[in-house]
Amino acid sequence: MRVPMIAGNWKMNTTLNEAMELVNEIRQGLGQIDNVDKVICPPFISLAAVKELIRGSSIKLGAQNIYFEEKGAYTGEISPLMLAHLCEFVIIGHSERRLYFNETGGITNKKIQAALKVNLKPILCVGEKLEENEAGRTEEIVTRQLGASLAGLDYPTGLIIAYEPIWAIGTGKAATGTQANETIGLIRHNIVELYNERAGQDVRILYGGSVNADNATEFINQPEIDGALIGGASLKANQFLGIIKQAAEIKNNLSG
Ligand code: PGA
């Protein structure tokens, strides 16, 4: 069975001190939860300090972005080699990167390849805009995004996909559990088509978009949904911990 994952994307929030405070709060409140993967993705400048603060805990670390070249004259960019020994995961193709930094499917594809080369596990984000959703084009859009991002790649073992409808990100307007489950089922089917049944069973697919401690259960309870990628609510330790505990409880009930 796939282990659920609850991942916090802190985006461009928290100074170094604030990041250290937040991770300490999360660590202290977590207790013993073994059946859920807990991942936090702070800004680059806090990764090294946060890595020290989670040492010996079950919290895992991810980066929010990566550049695809190994090194060189790319002012301001962060290379795979710089991240390789700091974290285990990297978010790739977040809609904010696609929207504000013109990231195309071709770029996400190169970034995934670069991440895999240094054994970073990609959390690939896909999702449609409001007008695409309203025009009934969700399936077409996520299929295209997946195809472009994974073009020419063998199945990346350990791949995580986050389905994040753009209209639900940071808006307080989450999809319903049923809507998200349906699209995530389509994404899983796509992975089977691109690779094989086994890959479809293996890939963890998260829902993201206005998830908080009040609505998380609705998503995590769905059969196709393997957890959540959380923005705003991951900046509040009690919210983030509340979501992790809900995931653990659902998982306990399933296995019990
Ligand atoms: P949100 O962000 O939870 O604040 O909607 C989700 C995301 O962008 O990953």
Side-chain angles (χ1 to χ4, degrees), residues 2-11 36-39 41 62 64 91-100 103 105 108 122-149 159-192 200 203-236 239-240 242-251 254:
R2 298 181 293 269
V3 178
M5 173 182 284
I6 301 298
N9 172 11
W10 295 4
K11 307 193 179 181
V36 175
D37 272 350
K38 297 130 289 203
V39 181
C41 305
Q64 298 174 19
I91 298 173
I92 293 180
H94 190 279
S95 61
E96 286 149 16
R97 304 270 346 148
R98 295 179 194 258
L99 187 64
Y100 305 136
E103 278 194 20
T108 58
I123 303 177
L124 168 64
C125 301
V126 296
E128 81 288 0
K129 296 182 184 139
L130 181 62
E131 60 269 27
E132 293 164 339
N133 179 278
E134 287 174 348
R137 295 179 58 211
T138 302
E139 180 174 0
E140 171 203 332
I141 300 295
V142 297
T143 302
R144 192 171 70 214
Q145 288 171 338
L146 280 175
S149 297
L159 175 70
I160 292 135
I161 297 174
Y163 167 58
E164 302 203 306
I166 295 172
W167 45 272
I169 297 178
T171 57
K173 188 183 165 206
T176 64
T178 320
Q179 271 174 326
N181 189 63
E182 190 183 321
T183 305
I184 287 178
L186 282 170
I187 293 173
R188 198 176 297 289
H189 177 71
N190 258 298
I191 294 293
V192 173
V203 65
R204 285 187 287 181
I205 313 180
L206 317 180
Y207 168 74
S210 296
V211 177
N212 56 46
D214 294 327
N215 64 12
T217 293
E218 177 182 348
F219 297 103
I220 304 165
N221 246 333
Q222 302 285 338
E224 297 288 355
I225 303 183
D226 300 314
L229 179 58
I230 299 143
S234 73
L235 293 167
K236 297 185 192 103
Q239 281 278 325
F240 191 59
I243 298 167
I244 292 170
K245 286 172 185 166
Q246 288 175 44
E249 208 170 288
I250 292 167
K251 171 84 176 174
L254 285 178

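One is the number of the first residue; the rest follow in order along the sequence. Note: hydrogens, waters and symmetry copies are ignored here, and every other heavy atom, side chains too, is used.
- At a threshold of 4.5 Å between non-hydrogen side-chain atoms, the residues Val203 and Ile187 do not count as touching.
- Minimum heavy-atom separation, Ser95 to Ile169: OG-CD1, 3.2 Å.
- Side-chain atoms of Glu218 come within 3.5 Å of backbone N or O of Gly177 as a donor-acceptor pair.
- When the side chain to side chain contact (heavy atoms under 4.5 Å, CB included) test is applied to Glu134, the partners found at least two apart in sequence or on another chain are Leu130.
- Partners of Glu182 according to the side chain to side chain contact (heavy atoms under 4.5 Å, CB included) rule, which considers only residues two or more places apart in sequence or in another chain, do not exist here.
- In this view, Glu224 and Asn181, Ile184, Arg188 satisfy the side chain to side chain contact (heavy atoms under 4.5 Å, CB included) rule, not counting sequence neighbours.
- The line from CD of Glu249 to CD1 of Ile220 is 10.5 Å long, rounded to the nearest 0.5 Å.
- Atom CG of Leu159 and atom CG of Leu146 lie 8.5 Å apart (nearest 0.5 Å).
- In this structure a side-chain-to-backbone donor-acceptor pair under 3.5 Å is present from Gln239 to Ala213.
- No side-chain heavy atom of Ile123 sits under 4.5 Å from any side-chain heavy atom of Asn9.
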Can you give each donor-acceptor pair under 3.5 Å made by side-chain atoms of residues 228-236, sequence neighbours left out, with the distance rounded to 0.1 Å?
from   : atom 1 : to     : atom 2 : distance (Å)
Ser234 : OG     : Ile230 : O      : 3.1
Ser234 : OG     : Gly231 : O      : 2.7

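- Residues satisfying the side chain to side chain donor-acceptor pair (under 3.5 Å) criterion with Glu132, sequence neighbours excluded, are absent altogether.
- The list of salt bridge (charged side-chain N to carboxylate O under 4.0 Å, His left out) pairs with a residue in residues 162-180, not counting sequence neighbours, is empty.
- Checked against salt bridge (charged side-chain N to carboxylate O under 4.0 Å, His left out), Lys11 has the following partners two or more places apart in sequence or in another chain: Glu96.
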Review point. When you look at Thr138 and Leu186, which way does the side-chain contact (heavy atoms from CB on, under 4.5 Å) test go after all the steps?
Key: CA-CA 10 Å; Thr138 302; Leu186 282 170; 6.0 Å; no

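- Taking 4.5 Å as the limit, every side-chain heavy atom of Thr183 sits out of range of all side-chain heavy atoms of Gln179.
- Shown here are the side chain to side chain contact (heavy atoms under 4.5 Å, CB included) partners of Ala174, two or more places apart in sequence or in another chain: Tyr207, Ser210, Asn215, Phe219.
- Remark: Glu140 engages Arg137 in a side chain to side chain donor-acceptor pair (under 3.5 Å) (not counting sequence neighbours).
- Between the side chains of Glu128 and Trp167, at least one donor N or O sits under 3.5 Å from an acceptor N or O.
- Ile141 has its side chain out of reach of Val126: every pair of non-hydrogen atoms, C-beta onward, lies at least 4.5 Å apart.
- The two residues Ile225 and Ala180 have their closest heavy-atom pair at CD1-CB, 3.8 Å.
- Annotation: side chain to side chain donor-acceptor pair (under 3.5 Å) contacts of Thr108 (sequence neighbours excluded): Ser149.
- How far CD1 of Ile6 is from CD1 of Ile243: 6.5 Å, rounded to the nearest 0.5 Å.
- With hydrogens and angles ignored, the 3.5 Å screen pairs a side-chain donor or acceptor of Arg204 with a backbone N or O of Val3.
- Evaluation of the side chain to side chain donor-acceptor pair (under 3.5 Å) rule for Thr217 yields Gln246 as partners, not counting sequence neighbours.
- Between Ile91 and Cys125, the shortest heavy-atom contact is CG2-SG, 3.7 Å.
- Looking at heavy atoms from C-beta onward, Asn133 lies out of side-chain contact with Pro165 at the 4.5 angstrom threshold.
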